[in-house]
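For reference, the structure is listed below as structure tokens.
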Amino acid sequence: MAVRRKEGYLSAKESRQISRENRRITREYEKQWKRKNVPESEYLTQMRDPGNVVEFEDLHTYFFTDSGTVKSVDGVTFEVPAGKTVGIVGESGCGKSVTSLSLMQLIQRPQGQIVKGSIRLNLGDRAIEVTRTPQEVMQKIRGKYVSMIFQEPMTSLNPVLRIGRQIDEVIALHDGAEMSRDQIRAKSIQMLDLVGIAGGERVCRMYAHELSGGMRQRVMIAIALACSPRLIIADEPTTALDVTIQAQILDLLSQLKQQTGASIMLITHDLGVIAEMADEVVVMYAGRIVEKGSAEEIFDAPAHPYTIGLMASRPMAGKEVEMLYSIPGKVPNPVNMPSYCYFRDRCPMRQPVCDGPYPPAVKLSESHSAACWRYLPDGTVSGEPSGGPERSSKDSLEGSSEHSPEDSLEDSSEKEGGTAK
């Protein structure tokens, strides 16, 4: 591969070399993905835990661009249990949405490809390996077993089709074999009523631009729930909505989860939304999971310096502040990721051992883990990277650092010139 110049630019020759290599690589992946008449045995699998709806294991999703290979998801491992809400939180560009799009097989092709890892999806009577499932089969899976509420409903809804037709289409595709057109339309109106939209018959005749932001988001939820999927992916469902509508949408998702028994994979920047909705939390940074655990563990005892920084940066009611804390520095270049901990250059708790390789994920409790050298007192590598198996270290929280995480943040922010008191 071509080597970048110091100033960060590529020559035309280097760019052409990268483009040729990218075309060669993506052509092979596309051949696999576009196969037809693939035997079912090739993509059937077994869930590691039948109580999970989906299991991600060491997932790597890359984008092959003219500037180099962007490692958007770089070894992600977590599960979504049946009937639970798993919140995925992190900065923009950390790989949250790409992880969910990998499950849906909706990443931008041919540049975007799943190059390694496993995604096991539980369909109830059987389980499939999504990374080996061909395109024609995935079209029958999306919408029926797993559906997605996209980030911006105005760009997700078709502006030239009426609302009713867009809901009808999903029902007709998956459940419409034995239903008449009138029955399909009645089901669409029923779904609009379920998500709290009055006058469903009238709304079915309207276009997206005739609805408010909250109603458009409710329509997106109705489309996602039309075939009673086992898993709902909510990709920042409250983006661009005012606070009152946000609360209504979150209440609606909670009610629908209880009524349908579906699992929810909730992607958001808002820690308040995570605290209210999630049973389990996954914290991502630069394409990797840096911490995961139950919502209580993450909020009561955040372990990774990045998670602690996120918690410190939120405004707190009744707490006097001069300036909200801001994590210093910036995310590393995704085309040329370092070999050490990706958060090292921004970390206020950095130690000499952090100059070593990427830290393994250390188990702090049965359900809580963090990928940080501070929890390995001996400072040796004895586990896999954070996408792989975890190592237990009960007493590592105590004695691994002279100061508590909060003290370290306060010390570093004083140098920056002010933070939450």
Side-chain angles (χ1 to χ4, degrees), residues 34 36-38 40 53 100-101 103-106 121-126 128 130 133-235 237 245 248-249 252-253 255-265:
K34 291 181 178 179
K36 296 183 182 293
N37 303 318
V38 179
E40 193 178 53
V53 174
S100 63
L101 292 172
L103 167 59
M104 298 287 285
Q105 279 201 10
L106 289 177
L121 180 62
N122 191 343
L123 305 183
D125 57 340
R126 65 193 190 283
I128 63 167
V130 173
T133 304
Q135 178 182 8
E136 60 180 357
V137 177
M138 277 305 299
Q139 289 175 347
K140 299 174 184 177
I141 300 296
R142 287 192 296 260
K144 184 171 180 62
Y145 296 98
V146 55
S147 59
M148 192 165 182
I149 304 168
F150 292 96
Q151 186 169 343
E152 178 47 66
M154 194 61 204
T155 56
S156 301
L157 293 171
N158 193 320
V160 299
L161 295 180
R162 298 181 192 273
I163 295 300
R165 182 174 173 185
Q166 296 186 58
I167 306 175
D168 292 349
E169 183 180 26
V170 179
I171 300 170
L173 179 63
H174 297 294
D175 297 334
E178 299 178 357
M179 298 175 69
S180 66
R181 184 176 297 181
D182 289 341
Q183 289 174 323
I184 292 173
R185 176 51 58 92
K187 178 74 179 292
S188 297
I189 295 171
Q190 180 186 345
M191 294 311 302
L192 290 175
D193 183 61
L194 180 66
V195 298
I197 295 180
E201 192 170 346
R202 175 180 57 85
V203 173
C204 280
R205 296 193 297 270
M206 299 173 73
Y207 293 93
H209 70 270
E210 298 179 89
L211 304 178
S212 67
M215 289 184 72
R216 286 195 291 265
Q217 192 63 278
R218 288 171 187 267
V219 169
M220 287 297 302
I221 296 173
I223 293 174
L225 293 174
C227 297
S228 303
R230 294 174 58 85
L231 175 65
I232 302 168
I233 302 172
D235 187 0
I245 301 301
Q248 293 175 3
I249 295 297
L252 174 62
L253 285 173
Q255 292 169 13
L256 293 174
K257 174 190 167 185
Q258 293 174 356
Q259 292 175 17
T260 64
S263 302
I264 297 178
M265 191 168 148

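Atoms considered below: every heavy atom in the structure, side chains included; atoms not considered: hydrogens, waters and symmetry mates. In this text, all values refer to a predicted model and were calculated from it rather than measured experimentally.
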(request) Determine the minimum heavy-atom distance between Ala224 and Ser147, stating which atoms define it. (result) O-OG, 2.7 Å
(request) Could you note down all residue pairs passing salt bridge (Lys or Arg N to Asp or Glu O under 4.0 Å) where residues 256-265 supplies at least one of them, sequence neighbours left out? (result) Lys257-Asp279
(request) Find the distance between CG (Asp235) and CD1 (Ile149) and round it off to the nearest 0.5 Å. (result) 10.0 Å
(request) Would you name the heavy atoms of Asn37 and Glu136 that are closest together and state the gap between them? (result) N-OE2, 2.9 Å
(message) In the structure I gave you, are the side-chain heavy atoms of Ile167 and Ile184 within less than 4.5 Å of one another anywhere?
(response) no
Side chains of residues 139-146: which donor-acceptor partners sit under 3.5 Å, not counting sequence neighbours?
unit_1 : atom_1 : unit_2 : atom_2 : d
Arg142 : NH1    : Met104 : O      : 2.8
Lys144 : NZ     : Asp175 : OD1    : 3.1

(message) List the residues meeting side chain to side chain contact (heavy atoms under 4.5 Å, CB included) with Ser156, not counting sequence neighbours, and say none if there are none.
(response) Phe150, Met220
(message) Run the side chain to side chain contact (heavy atoms under 4.5 Å, CB included) test against Ser180 and tell me which residues pass, sequence neighbours left out.
(response) Asp182, Gln183
(request) Find the distance between CE (Met206) and CZ (Arg162) and round it off to the nearest 0.5 Å. (result) 10.5 Å
(message) My understanding is that only residues two or more places apart in sequence, or in another chain, count here; which of them pass side chain to side chain contact (heavy atoms under 4.5 Å, CB included) with Ala262?
(response) Ile232, Thr260
(request) Please say whether more than 12 non-hydrogen atoms of neighbouring residues, nucleotides or ligands are located less than 6.0 Å from CD in Gln151. (result) yes
(request) Would you please name every residue forming a salt bridge (Lys or Arg N to Asp or Glu O under 4.0 Å) with Arg126, sequence neighbours left out? (result) Glu40
(request) For Asp168, enumerate each residue passing the salt bridge (Lys or Arg N to Asp or Glu O under 4.0 Å) test, keeping only those at least two apart in sequence or located in another chain. (result) Arg185
(request) Provide the closest heavy-atom pair for Ala226 versus Val170 in the form atom of the first, atom of the second, distance. (result) CB-CG1, 4.2 Å
(message) According to salt bridge (Lys or Arg N to Asp or Glu O under 4.0 Å), does anything in residues 192-211 pair up with another residue at least two apart or in another chain? List the pairs.
(response) none
(message) Can you give me the closest heavy-atom contact between Ser188 and Ile171, atom names plus distance?
(response) OG-CD1, 3.6 Å
(message) For Lys34, give me all partners under salt bridge (Lys or Arg N to Asp or Glu O under 4.0 Å), at least two apart in sequence or on another chain.
(response) Glu30
(request) Could I get the full list of side chain to side chain contact (heavy atoms under 4.5 Å, CB included) partners for Gln259, not counting sequence neighbours? (result) Leu194, Gln255, Leu256
(request) Compare every heavy atom of Leu252 with every heavy atom of Val195, then report the nearest pair and how far apart it is. (result) O-CD2, 3.6 Å
(message) Please report the interatomic distance SG(Cys204) to CD(Gln166), rounded to the nearest 0.5 Å.
(response) 10.5 Å
(request) Would you confirm whether Gln217, through its side chain, and Pro237, through its main-chain N or O, come within 3.5 Å as a donor-acceptor pair? (result) yes
(request) Among Ile233, Leu106, Leu231, find the one that has a side chain to side chain contact (heavy atoms under 4.5 Å, CB included) with Ser100. (result) Ile233
(message) Does anything in residues 216-232 form a salt bridge (Lys or Arg N to Asp or Glu O under 4.0 Å)? List the pairs, not counting sequence neighbours.
(response) none
(message) Can you tell me which residue among Ile163, Ile221, Val203, Ile189 is in a side chain to side chain contact (heavy atoms under 4.5 Å, CB included) with Ile197?
(response) Val203
(request) Applying salt bridge (Lys or Arg N to Asp or Glu O under 4.0 Å), name anything that partners Lys187, two or more places apart in sequence or on another chain. (result) none
